[in-house]
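Since the structure comes first, as structure tokens, the remarks are kept for the end.
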Amino acid sequence: MNDRPRGRRQAPPPEKTSAEIHLDVRAQSRRWHGLGRLADLSALLNEALAAAIAVAPRKPMPGAELSLLLTDDRRIRIVNRDWRGFDKATNVLSFPAAPPARIAQSPLLGDIVIAYETVVREADAEGKSVADHLRHLAIHGLLHLLGEDHETEAQARRMEALEVAALARLGISDPYAGAELVAVLSPSSTQPA
């Protein structure tokens, strides 16, 4: 007989990527369910994060925790406004839990937030699948958590090269081919100030 109250259920354990980080994925918007079950999205995101870790110069502590929130434009706009001072929706936000010099010793990597409508809109405009664009944004967000940035032209080139290398590991073509370098110091920068 189980003495645990019937109304309580334990949350499923966080998933592990191949680099042994723990990923906790939550879907705050039902719109994400149109892309598949949360378990399928988690598997897709785990592959992307493993590819990013494989190419990243800084590696997280084994077992480090990462939270990824799949939300919508309305909610990400509030986060962007409250934490960065930009009152608009954006595709991805990253909130590092440790400074770059401490990543390898930190049990927490941080949080990534991705907005459904912006992801779909950008994927349609760029002629790519929503799943591929989602993986790209997860890679971009994780690279920010691992200390990468695109505040200067040199940083932007380095970060884009890491993104392209990670995407290539997934069989996804270069999203920057034929495009100009990411705008330096633009208000659409994804890392909070």
Counting only heavy atoms not in R102, do more than 12 fall under 6.0 Å of its CZ?
no

Show me the pairs that pass side-chain hydrogen bond (donor to acceptor under 3.5 Å, both in side chains) and involve residues 162-175, at least two apart or across chains.
H136-E163, H140-E163, E163-Y176

Here the gap from T152 atom OG1 to R157 atom CZ, rounded to the nearest 0.5 Å, amounts to 10.5 Å

Return a table of donor-acceptor pairs under 3.5 angstrom between the side chains of residues 127-135 and protein atoms on other chains or two or more places apart.
{"residue": "K128", "atom": "NZ", "partner": "E126", "partner atom": "OE1", "Å": "2.7"}
{"residue": "S129", "atom": "OG", "partner": "D132", "partner atom": "N", "Å": "3.0"}
{"residue": "S129", "atom": "OG", "partner": "D132", "partner atom": "OD2", "Å": "3.4"}
{"residue": "D132", "atom": "OD1", "partner": "R135", "partner atom": "NH2", "Å": "2.4"}
{"residue": "H133", "atom": "NE2", "partner": "E122", "partner atom": "OE1", "Å": "2.7"}

So with a 6.0 Å cut-off around CZ of R81, is the heavy-atom count from everything else above 12?
yes

Taking only distance into account, with no hydrogens and no angle test, what donor-acceptor pairs under 3.5 Å do side-chain atoms of residues 112-121 form with protein atoms, sequence neighbours excluded?
{"residue": "E117", "atom": "OE1", "partner": "D73", "partner atom": "N", "Å": "2.7"}
{"residue": "E117", "atom": "OE2", "partner": "R31", "partner atom": "NH1", "Å": "2.6"}
{"residue": "T118", "atom": "OG1", "partner": "D73", "partner atom": "OD1", "Å": "2.6"}
{"residue": "T118", "atom": "OG1", "partner": "D73", "partner atom": "OD2", "Å": "3.3"}
{"residue": "T118", "atom": "OG1", "partner": "R121", "partner atom": "NH2", "Å": "3.0"}
{"residue": "R121", "atom": "NH1", "partner": "D73", "partner atom": "OD2", "Å": "3.4"}
{"residue": "R121", "atom": "NH2", "partner": "D73", "partner atom": "OD2", "Å": "3.2"}

On a heavy-atom basis, which atom in E148 and which in R158 lie closest, and how many Å separate them?
OE1-NE, 2.8 Å

Check A51 against A166 and note the closest heavy-atom contact, atom names and distance.
CB-O, 3.5 Å

Okay, side chain of K59, backbone of I53: is any donor-acceptor separation there less than 3.5 Å?
yes

Determine the minimum heavy-atom distance between L23 and S42, stating which atoms define it.
CD2-O, 4.2 Å

Could you measure the distance from the CG atom of L35 to the CG atom of D40? Nearest 0.5 Å is fine.
10.5 Å

State yes or no: do I78 and I76 share one hydrophobic cluster built from I, L, V, M, F, W and Y residues joined by side-chain heavy-atom distances below 4.5 Å, directly or via other members?
no

From R77 atom CZ to D87 atom CG, the distance as rounded to the nearest 0.5 Å:
4.0 Å

Hey, quick one: are L108 and F95 part of the same hydrophobic cluster, counting side-chain heavy atoms closer than 4.5 Å, chains of contacts allowed?
no

Donor-acceptor under 3.5 Å (N80 side chain, K88 main chain)
yes

Go through the steps to decide whether L143 and I139 satisfy the test side-chain contact (heavy atoms from CB on, under 4.5 Å), and finish with yes or no.
CA-CA 6 Å; L143 289 173; I139 288 167; 4.0 Å; yes

Which atom of L109 lies closest to which atom of P60, heavy atoms considered:
CD2-CB, 3.6 Å

Same apolar cluster (I L V M F W Y, side chains within < 4.5 Å links), M159/L167:
yes

For G147 and P100, which heavy atoms make the closest approach, and how far apart are they?
CA-CG, 3.8 Å

Closest non-hydrogen atom pair between V92 and G141, with its separation:
CG2-CA, 4.3 Å

Quick check for you: to the nearest 0.5 Å, what is the distance between W32 atom CH2 and L69 atom CG?
10.0 Å

How long is the span from the CG atom in L41 to the CG atom in L70, to the nearest 0.5 Å?
6.5 Å

Could you state the interatomic distance from CG (D111) to CD (E65), rounded to the nearest 0.5 Å?
10.5 Å

Can you find a pair of side-chain heavy atoms, one from M61 and one from P107, that are under 4.5 Å apart?
yes

